[in-house]
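Structure, as structure tokens:
Labels below follow one simple rule: chain letters A, B, ... track the order of the sequence lines, proteins then strands, and each chain is numbered from 1.
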4 protein chains.
Amino acid sequence: MLIEFNRFAPEKDIDLVLGRLNDEGVLAFRTRSNMNPVIVSTLKVDGLKKLNIEGVASVQRVVEVSTPFKLASRAFKKTDTVVKVDNLEIGGDKIHVMAGPCAVESREQLLKTAHTVKACGATFLRGGAFKPRTSPYSFQGLNEDGLKFLAEARTLTGLKIVTEVMDTRSVQLVAKYADVLQIGARNMQNFDLLKEVGRVSKPVLLKRGANATIEEFLAAAEYVLAGGNEDVILCERGVRGVNEFTRYTLDIAAVPVLKKLTHLPVVVDPSHATGHWNYVEPMAMASLAAGADGLIIEVHPEPEKALCDGAQSLTPKNFTVLMLRLAGLQNSVCRDLAVPDMHLQQLDIS
Amino acid sequence: MLIEFNRFAPEKDIDLVLGRLNDEGVLAFRTRSNMNPVIVSTLKVDGLKKLNIEGVASVQRVVEVSTPFKLASRAFKKTDTVVKVDNLEIGGDKIHVMAGPCAVESREQLLKTAHTVKACGATFLRGGAFKPRTSPYSFQGLNEDGLKFLAEARTLTGLKIVTEVMDTRSVQLVAKYADVLQIGARNMQNFDLLKEVGRVSKPVLLKRGANATIEEFLAAAEYVLAGGNEDVILCERGVRGVNEFTRYTLDIAAVPVLKKLTHLPVVVDPSHATGHWNYVEPMAMASLAAGADGLIIEVHPEPEKALCDGAQSLTPKNFTVLMLRLAGLQNSVCRDLAVPDMHLQQLDIS
Amino acid sequence: MLIEFNRFAPEKDIDLVLGRLNDEGVLAFRTRSNMNPVIVSTLKVDGLKKLNIEGVASVQRVVEVSTPFKLASRAFKKTDTVVKVDNLEIGGDKIHVMAGPCAVESREQLLKTAHTVKACGATFLRGGAFKPRTSPYSFQGLNEDGLKFLAEARTLTGLKIVTEVMDTRSVQLVAKYADVLQIGARNMQNFDLLKEVGRVSKPVLLKRGANATIEEFLAAAEYVLAGGNEDVILCERGVRGVNEFTRYTLDIAAVPVLKKLTHLPVVVDPSHATGHWNYVEPMAMASLAAGADGLIIEVHPEPEKALCDGAQSLTPKNFTVLMLRLAGLQNSVCRDLAVPDMHLQQLDIS
Amino acid sequence: MLIEFNRFAPEKDIDLVLGRLNDEGVLAFRTRSNMNPVIVSTLKVDGLKKLNIEGVASVQRVVEVSTPFKLASRAFKKTDTVVKVDNLEIGGDKIHVMAGPCAVESREQLLKTAHTVKACGATFLRGGAFKPRTSPYSFQGLNEDGLKFLAEARTLTGLKIVTEVMDTRSVQLVAKYADVLQIGARNMQNFDLLKEVGRVSKPVLLKRGANATIEEFLAAAEYVLAGGNEDVILCERGVRGVNEFTRYTLDIAAVPVLKKLTHLPVVVDPSHATGHWNYVEPMAMASLAAGADGLIIEVHPEPEKALCDGAQSLTPKNFTVLMLRLAGLQNSVCRDLAVPDMHLQQLDIS
């Protein structure tokens, strides 16, 4: 059960209800939604009578939510959440394409890629400064230097920055430079990290674990929301199915399933899902056709020299072709690409 | 290694080569492709010299194919296979939509559905007369009666018939009525059945097993091709991944992966994959956006009364909406829907 | 609901009840269990009143079984089923080891293996005459010749024969030679084949599909039971999990899970599950420790020359070592190996 | 390639080799093994000549290891690693049973369980003070209070303490109280956490992720080893397979597979794997029969009141029965249970 108060609710009202829930011996957890205080409790609505809540004037509504994710559910919030990143809106009228290298490798590599993806219509620059690598002997990222290069790229291009944070101890640091904090698939159930990004005032892009059910995915998002951070962007990036020619099985059906269960925006990462650049375009097309709010795509100026995941990175030319094909989908999906200050038809793919 | 002869190759040439392969103690299997005799052998090309094949004039070419699927591979045949069903072409310029009920339940139900899907632009009628059911106590199909109703529906509507065959003993019977023989996902590795449909002159729609790798899928198709039947349509219908809100995980990436590995046409079944009618439309859109040659969709006049899989069946109205949305994709995918004798814009969805 | 009659129930009683169920419009399916006629119906027990069944004297009991498998359930039959193969009992006091080559390759290979496994204490000889192979170009088995060699091996050694049947058209032929008909994992949901072996009077060893849930597995067994054949032996042989160093993930927990849900005996195939001979012994040990009624093990006189699955076959020497280790488990699992006419301690592993 | 120096190698030798590797432009990473300095490099042995390493006297050996895990591999270290926890040895002659509640819920609950499991022969007490929970609204653990209760239980019983650490910021705190630091399945690829526990001088029990391949599992262990902590205990606890009646599929074959690939000890957690107390005993038996070095088992004085995972917890009585059954396996597996100061036959299960 969720008990939502109006935003001017006096603390004593909230304490009163918390106290009565404690008296009943049921769990009660205080958070907020859209500025309103909210109490999440394991009490069912039919136990409501005992709470004598009618007398508490600042209680706005009481909602029963049967799923383990509460604040994240459509049952609690009917309208789509639009995550604002400055003047950009994820989950709104426009489709956003986030693009960039897997890892920030050098200032030159990053700036070159940033200019390229900007010219093609991307609105966000992606790139890892902290890299989760299967082997301790693989390139682990440039750390704060990488973050600085990302910030410089933002200054030069106007692109917003989305980059991964892997450790609770780095959240403040990454938040200083990034516009959106990415939680990687391997950390989807790193609950301390989820709690920590729930406390900052930067949007979070949460990737689905390769093994995670939809319910686990939304329960992970709930950790961030329950911490008070309502700006969560969900990202489908493939699950382990029957894989041989692709790295993971991109679960595109997760897009409409999530759209039904939650109000949070949903983007898709076809690069990590497939692991091969030549399958990125068809899967990007498919994702938008299925209703995704955006894409996150790996682009590298020289994929064959990439320190990480070169096989799945698009060349600038291939990325240009992709953007043109995506533009061709706009009418079919009744939604435009967000390509500020430019016209896609000017792109040169010769 | 595949050794292809020209179509006028004398039997003695073929026997000669077979004999030499036998002398070398390597496996050799005779089949044909596009009317040409072909010998498939485990001999590698570098063992070719011993065969002294230059002297055999009717040998047209020798191709090394390293994958377990040989005739099905792009390495053997570069151009797309177009499967002809009378005047219709699967894998050609047009996208085909096959639609109909999961099971043929009665003459009335079938004919009603047939007229509906025809009116909306479908070119094939699907519907099972023999039903593979998990439980022996579930409805098992109308058998030959069902086939007769399907044939009658063809006569009345001009729709081509695609229906499942489950047992080697029924292949001739089903082939008498159907235009395309469907092999269900559970029978994808029923090798005797694959051999049997390899001997008939009707196209085969082969569904991917829920657990099958792409390589196993193509090796299953190879059984049909090796039997002499070159008209195989592949059908992706979902694999077991991390499923809770959908029945299977639709592996849409299989479409471009298959397109790269094989010349055979690829269609997608979003109904069985998702198990819920409300996810059929986004997954149908996504499949075409990813490059599928067609779709196979469940439609039932009264899904709530269906004897089988009602939850995943579209109502006639929902099917109409779907067809209109698919029509909107035509420009984006540079390919039209095959909707003979009608104009989609005339469809009424009020 | 299952309605069980006593074995002398007059036909008219059964017809009467079937008729009333039909009148109610519910599905009713006639079969038998332990010689008693049984009607399986979708009617729930609370609908029983309408049937007016008290007046039918030959009705012995009515059992509600909520699982999709009915006759196979513990709810219907509390006591363990013991499958008799002549004087041998699967699921009884003794643990049985079935052993032999993957495929019957030649008379010599088979007889040699048969003598070896007999000498080590196996009670059944396994070996495929019809082989389900992923590729049409792989060795497909010796067919009836293979069956004849198996029968000869039985005559010479006294071992019982378990061998696979793949096609409905071969059931009679295989039943003529074999003591136990094996249904392979790929055919677990070949429903026509299940129905066909349900009609013969030979025990059936049913392998779990690599993708099958326990419920699907038992529903497949139900097809055989519903056909009137009560002698079904279940065989766990691995599912697709997270596999790299083993072919499948052997789901040993399936043994106690099945033992709880069903009365049918359960054996395990560690050879196909692991795909590597050196993991066969620990997995065989683990299976018995978990409560399995028997094992089915691949043994080949010269694994490196095997036409099929050599990597997972034990040499005669390794099989001897395995049998000694299994013998060492007898006290721990409170059950002896069935090793007629011999003493395991005489085995020579020098 | 790994270059191992003797333990008295002067720093200049190591720097010299590192310098030459850097000159070649290949990655080089310094760590140690058994007190000896080791350089891990991506250089292959055939590139060794260029390094001119013969002149470096303190180089003890050069080993090519082709797997991504290097220090963890059998190729690098042939003999079994025995992890010492005071006077106890994991991976040595004796089998250890770690037991206790899922979560530390209260001082009383913990001490009661500690005395029980001690009396039955367990050598380690398990119990979470920090709990990774799918939902933010579930009980999250008693944190440092829980750690204090664990330490008190150790003082009272002599049991060693194994407990989970979830966050890099808590590593020092948990290390202050625990004897063994557990990394949970969800954190198996929390690389910063792995690095952090690689720096402490307490053994680490690393659980396999539910989705992790064996290679990923060992690469995760490599992070700890590369950090300089050689005392890693691997723990198999189930992967996602085809699950319905068990929570995960316990991959018991991982035990012999790991034993072949690595020198690290391997224990099994049948409680989390199955999720049901009645399958814990057969799976515990199977794990030891397959060669596991130990078990980690959930025991709760009153499972029905547990705040976490009650369904999979054994009662004290069931745990007693389990220990007796395990004792019965000792001869079969040629290894005794470590049950200091007691005789299992004195256990009372009346």
Side-chain angles (χ1 to χ4, degrees), chain C residues 67 208-218 236 238-261 268 270 273-292 324-334, chain D residues 67 208-218 236 238-261 266 268 270 273-276 278-292 324-334:
Chain C
T67 51
R208 180 182 180 187
N211 187 35
T213 63
I214 295 288
E215 200 169 286
E216 288 167 345
F217 188 20
L218 289 173
E236 161 64 31
V239 294
R240 282 219 167 116
V242 183
N243 305 113
E244 51 187 338
F245 295 101
T246 53
R247 196 192 272 185
Y248 297 96
T249 300
L250 186 59
D251 181 13
I252 294 183
V255 175
V257 168
L258 287 168
K259 286 283 173 190
K260 194 177 172 205
L261 297 172
V268 176
T274 61
H276 294 284
W277 72 268
N278 45 335
Y279 303 134
V280 170
E281 182 188 300
M283 289 303 97
M285 293 284 286
S287 300
L288 294 196
L324 286 170
R325 288 220 64 203
L326 296 179
L329 262 182
Q330 294 179 133
N331 285 339
S332 319
V333 301
C334 307
Chain D
T67 50
R208 180 182 180 187
N211 187 37
T213 64
I214 295 288
E215 200 169 285
E216 288 167 345
F217 188 21
L218 289 173
E236 161 65 30
V239 294
R240 282 223 167 113
V242 183
N243 305 114
E244 51 185 342
F245 296 102
T246 52
R247 195 193 271 185
Y248 297 96
T249 301
L250 187 59
D251 181 12
I252 295 183
V255 176
V257 168
L258 287 168
K259 286 283 172 189
K260 194 177 173 203
L261 297 172
V266 181
V268 176
T274 60
H276 295 284
N278 45 335
Y279 302 135
V280 169
E281 182 189 299
M283 289 303 97
M285 293 285 286
S287 300
L288 294 196
L324 287 170
R325 287 220 65 202
L326 297 179
L329 261 182
Q330 293 179 133
N331 285 339
S332 318
V333 300
C334 306

Examine whether an atom of C/A212 lies under 4.5 Å from a heavy atom of chain D, and if so say whether it belongs to the side chain, the backbone or both; otherwise answer neither.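 Contact with chain D involves the backbone of C/A212 alone.
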By a 4.5 Å heavy-atom criterion (distance strictly below it), what part of C/L250 contacts chain D: side chain, backbone, both, or neither?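 When you check distances to chain D, only backbone atoms of C/L250 fall under 4.5 Å.
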If you take all heavy atoms of C/E244 and D/E215, which pair is closest and at what distance?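 The answer is OE2-N, 3.0 Å.
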Looking at [options], which one has more heavy-atom pairs under 4.5 Å with chain D than the rest?
options: C/L261, C/N243, C/L288; answer: C/L261
options: C/P270, C/C334, C/S332, C/G238; answer: C/S332
options: C/G328, C/A290, C/A210; answer: C/A290

Sequence neighbours excluded - side-chain hydrogen bond (donor to acceptor under 3.5 Å, both in side chains) pairs with any residue from residues 274-292 of chain C: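 Residue pairs passing side-chain hydrogen bond (donor to acceptor under 3.5 Å, both in side chains), neighbours aside: C/E281-C/R325.
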Let me know if D/K259 has heavy atoms under 4.5 Å from chain C in its side chain, its backbone, both or neither.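 Neither part; nothing is under 4.5 Å.
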Could you tell me which portion of D/A284 (side chain, backbone, both or neither) has an atom closer than 4.5 angstrom to a non-hydrogen atom of chain C?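 For D/A284, there is no contact with chain C at all, as no heavy atom is under 4.5 Å.
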Within-4.5 Å side-chain heavy-atom neighbours: D/D251 and C/V242: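 No - every pair of side-chain heavy atoms lies 4.5 Å or more apart.
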Side-chain heavy atoms of D/V257 within contact of C/T246, under 4.5 Å: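 Yes - at least one pair of side-chain heavy atoms lies under 4.5 Å apart.
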Supply the atom-to-atom distance C/T249 OG1 to D/I252 CD1, rounded to the nearest 0.5 angstrom.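 Taking OG1 in C/T249 and CD1 in D/I252, the distance rounds to 11.5 Å.
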In chain order, what residues pass the side chain to side chain donor-acceptor pair (under 3.5 Å) check against C/R247, with sequence neighbours excluded?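 C/R247: side chain to side chain donor-acceptor pair (under 3.5 Å) contacts with C/D309, C/Q312.
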